[in-house]
Amino acid sequence: MDFTITHRDPASPARAGRLYTDHGTVDTPAFMAVGTAGAVKALHVRDLRESVGSQIMLSNTYHLFLRPGVDIISRAGGLHHFNGWDKPILTDSGGYQIYSLADMRKFTDDGVVFQSHIDGSKHYFTPERAIDIQRALGADIIMAFDECTPYPCDYDYAKKSMNRTHKWLKRCMDHFAQTECQHGYTQALFPIVQGSIYPDLRKESAEYISGMNAFGNAIGGLSVGEPARMMYDMTRDVCAILPDLKPRYLMGVGTPANILESIALGVDMFDCVMPTRNGRNGMLFTSRGIINIKNEKWKDDFSPLDPVGTVFADLQYTKAFLRHLFVAKEMLAAMIATIHNLGFYIWMMREAREQIIQGTFTDWKEKMIKQFMQRR
RNA sequence: GGGGAGAUACCAGAGCGGUCAAAUGGGGCAGACUGUAAAUCUGUUGGCACAGCCUUCGAAGGUUCGAAUCCUCCUCUCCCCA
């Protein structure tokens, strides 16, 4: 695996690069579509690849562990073989579920007991186990087992949690070094910076994480409800410390504006459920702003979804028809919205990359963000 | 022809003398959603000069301090028997 920065924006820390994996190349800045259970909801891998143009997708250790189970995926030859996506995959470690399933978990001395959201059964995750599972799943990039703190989070807890994440990281790194991918290709482990919204904790965490000398590094614990300003401040502080030549991954971000601002701070990789989930709920990200396609005002708007969109569905379907599909609760509504939104996100990343290469990123970014501020 | 049941807000359907502008579903409208417990959740859904007032429960009369709820009559619907 390799990562090269090919261009730098003259007016900001933004950079364009290439991430090389055994399953192909990822141009950065990159957005990863979220396929929690091994599938991007409402989308075929063929459309993810050919229509949307994704180069990498994300899946979740916790969900795949519960269903269908690690053994099945391992016997299938790894997640790539199981779900038919032969390009790069990143798996989250289950750390986020410690946060989102907060009322169904219990910390012990060296791990976390989870209660399954599916059937209530109890399962024990440790850093070592999270690595073992991700070795068996076989994603190209795997994540350290961390705790994502909520917002707001008091200082003492943030510090305690950060220290626990650091201890877990050490165990993840050690266990990672002692094990191998089960499917014959290279995997990289990304550690995760925590520290909530406290600059000194973020600094401490970023320094600790940098010292682990991993292939790439992630920033976690943001976009959990804090003001965007805070998120940018934390991201800026952390990026200033993380190794310049290694990929930086801002986990769970975000809105188009969040992503563009974070690219400008030197982030290379993103993932977010927003284009898929919000799409299924009727929110469309278009080149002319954000729209709620379920609103009555679109009922007789026979213009294409996005006249300058890059996905076939953008010209194939009208706003009025897609609104009708949502109102009628047709499955096709979710499919069209998903392919459109992901197409938009991927287009935006390609364009951002191109603007960095051309040296015009900063001006372009400002113009784009103004467009996203407007709701139509 | 005989016997019975019923008409309530956009729809279905509770309510059966005051705490009813009227439960609950559905539908409509709007909002939320950031490493997915989410094809989900929340709000709202008679009018207005909106902590109050006005007009509503098939129509018209009546009883009562007070009626969607009781009585009379009218109109319409459905069911059973022949």
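Letters go in sequence order (proteins before strands), and every chain restarts at 1. Being a predicted model, the structure only gives us computed values, none of them experimental.
Using Watson-Crick or G-U wobble geometry with both donor-acceptor distances under 3.5 Å, B:A22 finds no partner in any strand shown. The pairing partner recorded for B:A39 is none, the criterion being a Watson-Crick or G-U wobble arrangement whose two distances lie under 3.5 angstrom. Across all strands shown, B:A14 forms no Watson-Crick or G-U wobble pair with both key distances under 3.5 Å. Nucleotide B:A51 has no partner under the Watson-Crick or G-U criteria, as no pair reaches both atom distances under 3.5 Å. Under the Watson-Crick and G-U wobble criteria, each requiring two contacts below 3.5 Å, nucleotide B:G27 is paired to B:U45. Remark: B:A59 base-pairs with no nucleotide; criterion is Watson-Crick or G-U wobble with both hydrogen-bond distances under 3.5 Å.
Here B:G27 presents its C1' atom at 13 Å from CZ of A:Arg323, a figure rounded to the nearest Å. The nearest whole Å value for the distance from the OH atom in A:Tyr96 to the P atom in B:A37 is 7 Å. To the nearest angstrom, P of B:A37 lies 9 Å from NZ of A:Lys41. Summarising the geometry, the separation between CD1 on A:Ile293 and C1' on B:A39 is reported as 16 Å, rounded to the nearest angstrom. Rounded to an integer number of Å, the gap from A:Leu90 CG to B:U36 P is 10 Å. If you measure from atom OH of A:Tyr99 to atom P of B:C33, you get 12 Å, rounded to the nearest angstrom. A:His117 places its NE2 atom 5 Å from the C1' atom of B:A37, with the value rounded to the nearest Å. Atom NZ of A:Lys294 and atom P of B:U40 are 9 Å apart (whole Å).
Contacts of A:Asp146 with the nucleic acid, taken as non-hydrogen atoms under 4.0 Å apart, include base atoms. The residue A:Arg105 sits apart from the nucleic acid: no heavy atom pair falls under 4.0 Å. Within the nucleic acid shown, A:Ile192 comes within 4.0 Å of at least one base atom, counting heavy atoms only.
The same atom, C1', is picked in B:A7 and in B:A59; the two are 11 Å apart, to the nearest Å. B:G58 and B:C16: their P atoms are spaced 16 Å apart (whole Å). Separating the P atom of B:U44 from that of B:U24 is a span of 11 Å, rounded to the nearest Å. With both ends at atom P, the span from B:A22 to B:G31 equals 26 Å, rounded to whole Å. Look at the C1' atom in both B:A21 and B:C57: the space between them is 10 Å, to the nearest Å. Rounded to whole Å, the separation between the P atoms of B:A68 and B:G17 comes to 13 Å.
A residue-by-residue look at A:Glu296 and A:Met143 shows that A:Glu296 has its nearest nucleotide of RNA chain B further toward the 5' end.
The stretch residues 255-290 of chain A touches RNA chain B through A:Thr255, A:Asn258, A:Asp271, A:Cys272, A:Val273, A:Met274, A:Thr276, A:Arg277, A:Asn278, A:Arg280, A:Asn281, A:Met283, each having a heavy atom under 4.0 angstrom from the strand. Annotation: proximity of residues 324-346 of chain A to RNA chain B (heavy atom, distance under 4.0 Å) is found for A:Val327, A:Lys329, A:Met331, numbered in ascending order. The stretch residues 221-247 of chain A comes close to RNA chain B through A:Gly221, A:Ser223, each having a heavy atom under 4.0 Å from the strand.
Looking only at atom types and distance, the side chain of A:Gln194 has no donor-acceptor partner in the side chain of A:Thr165 under 3.5 Å away.
Judged by distance alone, with hydrogens and angles left aside, the side-chain atoms of A:Asn258 form no donor-acceptor pair with the main-chain N or O of A:Val253 at under 3.5 Å. With A:Thr21 contributing its side chain and A:His23 its backbone, the two residues share a donor-acceptor pair below 3.5 Å. Without hydrogens or angle criteria, A:His340 side chain to A:Ala313 main chain gives no donor-acceptor distance under 3.5 Å. Judged by distance alone, the side chain of A:Asp306 and the main-chain N or O of A:Ser287 form a donor-acceptor pair under 3.5 Å. A:Thr91 places no side-chain N or O within donor-acceptor distance of the main-chain N or O of A:Ala139, the cut-off being under 3.5 Å. A:Arg8 places no side-chain N or O within 3.5 Å of a backbone atom of A:Ile356 that could act as its donor or acceptor partner. Counting only distance, with no hydrogens or angles, the side chain of A:Ser93 and the backbone of A:Ala144 share a donor-acceptor pair below 3.5 Å. Side chain of A:Arg248 to backbone of A:Ile219: no donor-acceptor contact under 3.5 angstrom is found.
On a pure distance criterion of 3.5 Å, no polar donor-acceptor pair joins the side chain of A:Asn60 and the base of B:G35.
For the OP1/OP2 pair of B:G31 and a distance below 4.0 Å, the side-chain nitrogens and oxygens of A:Asn292 include at least one atom meeting the criterion. Contact annotation: A:Asn295 side-chain N/O to B:A30 OP1/OP2 distance is under 4.0 Å. Distances shorter than 4.0 Å separate some side-chain N or O of A:Gln97 from OP1 or OP2 on B:A37.
Not counting sequence neighbours, the partners of A:Lys41 by the side-chain contact (heavy atoms from CB on, under 4.5 Å) test are A:Arg280. Qualifying ring pair (Phe, Tyr, Trp, His ring centres under 6.0 Å) partners for A:Trp347, counting only residues two or more places apart in sequence or in other chains: A:Phe344.
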Could you tabulate the donor-acceptor pairs under 3.5 Å formed by side-chain atoms of residues 323-330 of chain A, not counting sequence neighbours?
unit_1   : atom_1 : unit_2   : atom_2 : d
A:Arg323 : NE     : A:Lys294 : O      : 3.2
A:Arg323 : NE     : A:Asn295 : O      : 2.8

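Cation-pi geometry between A:Arg105 and A:Phe125 is not met at under 6.0 angstrom from the ring centre and within 45 degrees of the axis.
The closest side-chain heavy-atom distance from A:Asp140 to A:Leu90 is not below 4.5 Å.
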